[in-house]
> 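The following block contains the structure, expressed as structure tokens.
Note that ligands are numbered from 1 as they come in the structure, with each ligand's atoms numbered from 1 the same way. Heads up: numbering here begins at 1 and tracks the sequence. Keep in mind the model is a prediction, meaning the values are calculated, not measured. Only this structure's heavy atoms are used, side chains among them; waters, hydrogens and symmetry mates stay out.
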Amino acid sequence: MSLTSLKVAALAGDGIGPEVMREAIRVMRAIEARFGLSFAVEQAPVGWAGIDAAGKALPDATLELCHRSDAILFGSVGLPDRDPTIPKEERPERAALLRLRKIFGLYANLRPVRLPKELAYSCPLRPERQGDGLDILVVRELTGGMYFGQPKKTEEVTENGATFKRAIDTMVYTTPEIERIAHVAFKAAQLRRRKLTSIDKANVLENGILWREVVTSVSKQYPEVALDHMFVDNAAMQLMLKPTQFDVLLCENMFGDILSDEAAALAGSLGMLPSASLGAQAAGGLTFGFYEPAGGTAPDIAGKDLANPIAQILSVSMMLRYTFGLNEAAAAIDQAVGRVISSGLRTGDIYNPLDTGSRKVGTTEIGTAIAQSIKA
Ligand code: NAD
């Protein structure tokens with residue numbers, strides 16, 4: 001990999017965004033030092049920070065930087081108390097986030113949920129259901145299915161003299177759409193424990209039958225990955241009953257929306273959860289990716305050194321793995337996070353006062369500890 005290709009647009013955004021981004025960049029510098037790499041990280045405003053700097057949530061210069069980059073490392077945007085009069089389509093969540101997703105054709109959403117054993121108390125499940133800790137990856141198709149299928153409308157109908165409204169959403173998937181997300185999931189499974197559970201509703205939906213057929217056919221190219229299929233209702237139940245059975249879950253858009261949030265709840269804090277949204281292959285063979293924490297701007301704790309930067313830091317690890325193919329460097333970040341958690345450092349969201357081996361620390365202290373652990 002040539003050093004000049006590691007181009008990253010770092011868009012911190014609002015609220016806790018700048019604080020957690022600072023720690024993520026600190027970790028990137030530690031990775032550079034340890035692995036002899038060089039990231040070209042350029043920062044630019046987005047969200048309310050974009051409106052303040054250049055009059056719009058996604059300033060032209062920020063978008064231009066994204067186009068020049070291989071990956072976007074995103075913080076979060078939106079401040080509910082700022083200017084309620086601004087039109088919906090100009091608010092940061094829509095004007096920046098949804099626009100970026102659309103412009104870069106981000107079709108694959110990856111949400112890992114990891115619960116280290118030491119944080120068992122922050123999981124809503126009883127300890128005996130958590131095994132040696134949880135480690136699940138939800139791969140969600142992001143641009144198809146019921147959320148986008150046409151026709152999509154509400155109409156007025158009259159039947160037998162009665163007039164009422166009828167809402168129509170359409171679930172549509174094509175073979176190529178299912179194939180490309182299946183490849184993402186199988187490739188992700190190859191980097192993990194090589195087990196893939198494909199979620200569908202093949203007992204009721206035509207889409208489910210096609211989904212199962214196509215995923216099974218793609219699986220022939222990945223003989224080392226064990227594939228099974230599960231109906232979505234059973235999957236929702238199994239996530240609560242025996243989450244340790246899952247490695248990678250492959251879902252269409254709506255099922256993935258629901259199951260990824262259910263799985264996220266198992267980790268106990270939004271501050272621990274990164275995510276990746278991948279686009280089509282970019283020039284030079286790299287997969288363009290958008291990497292962000294699962295949580296929002298957390299205005300209640302912003303600017304107080306209270307935010308957990310781990311979600312943002314693990315977003316860097318995902319970026320190294322899925323855009324740059326730097327699996328060893330990505331693993332170094334994951335392991336450093338694990339070591340720092342084992343050492344007992346905790347931000348407020350994952351702190352348990354009954355755990356006498358732990359110590360409550362701020363954003364900067366835990367970020368610095370993770371960076372130092374990488375260099376060591
Ligand atoms: P939120 O995720 O910002 O906060 C929910 C709760 O989780 C809060 O108590 C917060 O303190 C806590 N939390 C979140 N991240 C944390 C972290 N890293 N460390 C410690 N605690 C953390 O959700 P919200 O309050 O509903 O939304 C606030 C703003 O963020 C809204 O404007 C919303 O639209 C926006 N938002 C943006 C994104 C994004 O940019 N992708 C995602 C979700 C919400």
> Give me the one residue out of K117, R193, K195 that meets salt bridge (charged side-chain N to carboxylate O under 4.0 Å, His left out) with D135.
R193
> With a 4.5 Å cut-off on side-chain heavy atoms, are R359 and L345 touching?
yes
> With a 4.0 Å cut-off, strictly under, does atom 27 (O) of ligand 1 pick up any protein heavy atom?
no
> Taking D334 first and then R321, would you say they form a salt bridge - that is, a charged N and a carboxylate O separated by under 4.0 Å?
yes
> Heavy atoms only: which of I16, D349, L11 lies closest to atom 16 (C) of ligand 1?
I16
> Which of the atoms in ligand 1, numbered in the order shown and given with their element, are less than 4.0 Å from a heavy-atom of P299?
28 (C)
> For atom 32 (O) of ligand 1, find the nearest protein heavy atom and state the residue, atom name and distance (0.1 Å precision).
E93 OE2, 2.9 Å
> Among protein heavy atoms, which lies nearest atom 7 (O) of ligand 1, and at what distance?
L270 CD1, 3.7 Å
> Could you tell me whether some N/O pair between N308 and ligand 1 is separated by less than 3.5 angstrom?
yes
> Transitive ILVMFWY cluster of W48 at side-chain heavy atoms under 4.5 Å: who else is in it?
I51, L79, I86
> Could you list which atoms of ligand 1 come closer than 4.0 Å to a heavy atom of L97?
39 (C), 40 (O), 41 (N)
> Of all the atoms in ligand 1, which lie at a distance below 4.0 Å from a heavy atom belonging to E292?
41 (N)
> Looking at Q190 and R194, what are the two nearest heavy atoms and their distance?
O-NE, 4.0 Å
> For V20, state whether at least one heavy atom is located under 4.0 Å from any atom of ligand 1.
no
> Quick one: does E23's side chain get under 4.5 Å of T363's, heavy atoms only?
yes
> Mark up the atoms of ligand 1 that fall under 4.0 Å of a heavy atom belonging to A307, in ascending order.
19 (N)
> Atoms of ligand 1 less than 4.0 Å from S76 heavy atoms?
39 (C), 40 (O)
> Scan the protein's non-hydrogen atoms and note whether one is under 4.0 Å from atom 9 (O) of ligand 1.
yes
> Taking the basic N atoms (NZ, or NE/NH1/NH2) and the acidic carboxylate oxygens, is any pair closer than 4.0 Å for R22 and E19?
no
> Would the F290 and F104 ring centres measure less than 6.0 Å apart?
no
> Just jot down the ligand 1 atoms closer than 4.0 angstrom to any heavy atom of L79, in number order.
32 (O)
> Go through ligand 1 atom by atom and flag the ones less than 4.0 Å from a non-hydrogen atom of I301.
11 (O), 20 (C), 21 (N)
> Should D169 and K153 count as an ion pair when the cut-off is N to O under 4.0 Å?
no
> Would G296 count as being in polar contact with ligand 1, using the rule that some N or O on each side must be under 3.5 angstrom apart?
yes
> Quick one: does Q43's side chain get under 4.5 Å of I25's, heavy atoms only?
yes
> I'd like to check whether G75 has a polar contact with ligand 1, where a contact means an N/O of the residue lying under 3.5 Å from an N/O of the ligand.
no
> Can a non-hydrogen atom of A311 be found less than 4.0 Å from any atom of ligand 1?
no
> Looking at non-hydrogen atoms alone, which of D81, V77, I310 comes nearest to atom 37 (C) of ligand 1?
V77
> Could you tell me which atoms of ligand 1, counted from 1 in the order shown, lie closer than 4.0 angstrom to a heavy atom of G271?
17 (C), 18 (N)
> So, are R346 and D355 salt-bridged, with charged N and O less than 4.0 Å apart?
yes
> Below the 3.5 angstrom mark, is there an N/O of A298, backbone or side chain, next to an N/O of ligand 1?
yes
> Do any N/O atoms on T297 end up under 3.5 angstrom from N/O atoms on ligand 1?
yes
> Nearest 0.5 Å, please: how far is CG in L320 from CD1 in I31?
6.0 Å
> I'd like to know if R101 and E292 make a salt bridge, using a cut-off of under 4.0 Å between side-chain N and carboxylate O.
yes
